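Heads up: the structure comes next, in structure tokens.
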Amino acid sequence: MSTTSPQAAPKTSGGQIDRDRLRDPSGIRRVMIAVMMVVGAVAGVIVTAASASTVLQLAGVPDAGALTTYGIPVITVVGQLSAAIGFGCAIFAAFFVPPQHNGHLDVGGFRAMRWAYAAMLTWLVCALLLIPLSMSNVSGHPLGETLKPDNLFLSYDKVADTRYWLWTAIFAAAAAVIARVALRWGWSFAVIALAFLSFMPPALLGHSSAGGAHDVATNSLILHIVAAAAWAGGLLVVVAYAFGDGRWRTLAVRRYSRVAFWSLIVVGVSGVFNALVRMSVEQVFTTTYGLIVLGKVGAFAVAGVIGGLHRKVTITELEGTDAPRKSLFVRFAAVEMIAFAVAFGFGAGLSRTPPPVLATADVSQMELTIGYDLDGAPTLAKILFEWRFDLIFGTAAVIAAIVYLRGVLRLRKRGDSWPVGRTAAWLLGCLALLFATSSGMGKYAPAMFSVHMMGHMMLSMLVPVLLVLGGPLTLALRAIPPAGRGNPDGPREWILLALHSKFSRVATHPLIVITIFVGSFYVLYLGGLFDVVVENHSAHLLMNLHFLVSGYLFYWLVIGIDPAPRQLNPVAKLGIVWGALPFHAFFGVALMMTSGVIAEQYYRSLQHPWAFDLASDQRTGGGIAWATGEFPLVLVMLALLIQWRRQDEKVARRFDRREERDEDAELERYNAMLRGISSEKERSGS
């Protein structure tokens, strides 16, 4: 990371100042942002005004005043649009324009990172402002009364919204700092990750985080927010770049077009899921909440139609024009951004509008906690056939299988082969991921420790083994065509850069991988962390992600057939497996011998409709951890032995081919050496 001043912005690889220095689009960018903020704020105020009285009546609190009532949607819209712009700018710097050959950002990427800094700083300020506004809204006290230090600090722990907004501010601040000082291309990924994390606390607020089916509502809202942010934020920075006659404007627009296309699909599907969780189809047309949803859908539909025109008309027109400021792309995009602003405003107002049926009405304690009811103890039939699709990991499993098969078909079309065993391993891994998260196992996992442990073992011990044996990186490097000399880097080059980066070498260090893979078992369950996080839906998502990533890194290191930052010999790999084996086995035994019940208060609060002993269920979970963990390790041992044998065969074939080319020259030299030794002995003996 570098802290070079703005005056030291990078030059092009040839040492010449890029031409888009001469056409700084900051002016048009400010105008576009100001218009989007105003339009979004007005839309949010209008929607809030339509439902403000109903909100107060249902909440049963006094009116906190117009400053709180209308300040929340205005600040929310400004903050969310700023977060989307920051997120889009970071994506632009990472993927839409290529960096320089030395790894530094080019002028367009550098400027986008500075815009990301300003946008995330605005998001930080808005998040901080929403802390007292949320307190005022919940308590019914005017904002001036809430801002008094005594009231502010006393109310902080009592209002959950304030803690979420504080975490948003922390992530936004970290993203702003990195965006401000970074000049190297790799740091744009850190800004993307932190901006993504800043979206998560707001996604856990509002109607989607409580009541029935809140697991589906929260997952769909996460997908909805991230896709909408990439779509809207990416559009603004791409338009500003094209308006300034950026060097890579056509490339940036084409890459953004692909992102916008898939974002449109994700926004549409996730929006439908999220809306239907809160109301029936009939209520869409007969309630205030439903009409606001229709307005939001209409705004996104306008943006989608215009985006479709981009793909067919305006990109081609932009390529052939010498005046991008007057191009159809810029003019169409201006209308599209207005539609986005209206959609964000409707979304902010929608978060303050009560759904047709209260989320907490007529639901059991179990449904209120995990999002759905379980009608009885788990059986084999329920585990196999009672499915509840996981929108995050279930979708990821399906997409991973489709993308992999597409790569295999691309190889076959050009006449290249791909091992059937690798394809089978990858598809089985995707199927195992889908089963662990979306079948009856995934459905019962939040309610029973033993089923949770069964899913944990699948996600960390079985799914990664199968995915690693599929060789996805090797397939990608073979299926994706290279960018070509003189062309900007593409996905294939990005994969190679990631493999050879310093971060990858550190992340795949054997000590770090083993510590994360084995140590997380002890920290999570025996260290008390599980008791703290088990109630949060977001924590379940993070746990599943951690199980997958830590397991994949471990098995990539020991049995991976893909290229890796660190290459270990078979003996070292075998030592790592045997070194991790006793720690994993001891964890299962320790879990079975633990006297206290892990997360006892949480499990008792679910009020299961069937009787079962929590301590016995925990011992069953420990037995599952001890027993099922051995089966994947047996697969690992077999895979290592097979790879060892194949490596010896490759060395032997390589030696034979060399000997054929040299006409057994090495063998002749060896025989000549033996004859020389024999002759020397004969002379010394005589």
Side-chain angles (χ1 to χ4, degrees), residues 91 94-96 189 192-193 196 219-220 222-224 226-227 230-231 234 254-270 273 311 389-438 442 458-459 462-483 489-499 504 541 544-545 547-549 551-553 555-556 560-564:
I91 293 175
F95 299 109
F96 293 171
F189 295 97
I192 292 174
F196 169 82
N219 288 349
S220 62
I222 290 173
L223 296 174
H224 192 77
V226 174
W231 188 6
R254 288 193 175 279
R255 289 181 174 178
Y256 166 75
S257 179
R258 297 188 185 96
V259 173
F261 173 75
W262 291 109
S263 296
L264 169 63
I265 294 176
V266 173
V267 166
V269 174
S270 60
F273 272 99
R311 296 177 64 85
F389 188 75
D390 189 306
L391 287 178
I392 301 294
F393 293 101
T395 304
V398 174
I399 292 176
I402 294 174
V403 171
Y404 190 94
L405 289 175
R406 183 182 177 188
V408 174
L409 291 176
R410 179 177 292 184
L411 289 182
R412 296 287 175 83
K413 285 182 179 180
R414 72 184 189 200
D416 294 338
S417 61
W418 182 255
V420 177
R422 295 184 184 181
T423 303
W426 180 267
L427 294 180
L428 286 174
C430 293
L431 181 61
L433 174 59
L434 180 65
F435 185 83
T437 57
S438 300
M458 284 194 68
L459 292 175
L462 179 60
V463 175
V465 172
L466 296 171
L467 295 181
V468 165
L469 292 177
L473 294 180
T474 303
L475 176 63
L477 292 175
R478 290 183 58 186
I480 300 174
D489 290 345
R492 189 177 189 277
E493 288 72 26
W494 296 336
I495 294 174
L496 291 174
L497 285 172
L499 284 174
S504 297
L541 295 177
N544 289 344
L545 180 63
F547 299 153
L548 281 172
V549 173
Y552 192 93
L553 286 176
Y555 294 115
W556 183 25
I561 56 180
D562 283 328

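As a basis for the values below, the full set of heavy atoms in this structure was taken, side chains included, without hydrogen atoms, waters or symmetry mates. Bear in mind the structure is a predicted one, so any value in this text is a computation, not a measurement.
In this structure V269 satisfies the side chain to side chain contact (heavy atoms under 4.5 Å, CB included) test together with I265, F273, sequence neighbours excluded. Applying the side chain to side chain contact (heavy atoms under 4.5 Å, CB included) criterion to L496, with sequence neighbours excluded, gives L477, R492, H500. When the side chain to side chain donor-acceptor pair (under 3.5 Å) test is applied to T474, the partners found at least two apart in sequence or on another chain are D562. A search for ring pair (Phe, Tyr, Trp, His ring centres under 6.0 Å) contacts involving F196 returns nothing, not counting sequence neighbours. With sequence neighbours excluded, the residues satisfying side chain to side chain contact (heavy atoms under 4.5 Å, CB included) with P419 are R422. Listed by chain and residue number, N219, I222, I392, F393, H537 satisfy the side chain to side chain contact (heavy atoms under 4.5 Å, CB included) test with L541 (two or more places apart in sequence, or in another chain). With sequence neighbours left out, D489 forms a salt bridge (charged side-chain N to carboxylate O under 4.0 Å, His left out) with no residue at all. Here S270 pairs with H224 under the side chain to side chain donor-acceptor pair (under 3.5 Å) rule; sequence neighbours left out. By the ring pair (Phe, Tyr, Trp, His ring centres under 6.0 Å) test, W426 is found to be paired with Y404, residues two or more places apart in sequence or in another chain being considered.
Taking both residues in full, the closest heavy atoms of P464 and G551 are given as CB-C, 3.4 Å, listed atom of the first, atom of the second, then distance. For T437 against G394, the heavy-atom pair with the smallest separation is OG1-N, 4.0 Å. Nearest heavy atom pair, residue P563 against residue L473, reads O-CD1, 4.2 Å. Annotation for G470 and I561: closest pair C-CD1, 4.4 Å, computed over non-hydrogen atoms. The shortest non-hydrogen separation linking L467 to C430 is CD2-N, 4.0 Å.
For residues 389-412, the set of pairs meeting the salt bridge (Lys or Arg N to Asp or Glu O under 4.0 Å) definition, not counting sequence neighbours, is empty.
Using a 4.5 Å cut-off on side-chain heavy atoms (C-beta onward), V463 and Y552 make no contact. Between I192 and F95 there is a side-chain heavy-atom pair separated by less than 4.5 Å. Counting only heavy atoms from C-beta outward, the side chains of W262 and W231 never approach each other to under 4.5 Å. Using a 4.5 Å cut-off on side-chain heavy atoms (C-beta onward), F547 and N544 make contact.
How far CG of L433 is from CG of L428: 12.5 Å, rounded to the nearest 0.5 Å. In this structure, OH on Y555 lies 10.5 Å from CG on L466, to the nearest 0.5 angstrom. Annotation: the span from L553 atom CG to L548 atom CG amounts to 11.0 Å, rounded to 0.5 Å.
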I'd like to know whether F389 forms a side chain to side chain contact (heavy atoms under 4.5 Å, CB included) with T395, so could you lay out the CA-CA distance, the side-chain angles of the two residues, the decisive distance to 0.1 Å, and finally the verdict. CA-CA 8 Å; F389 188 75; T395 304; 3.5 Å; yes
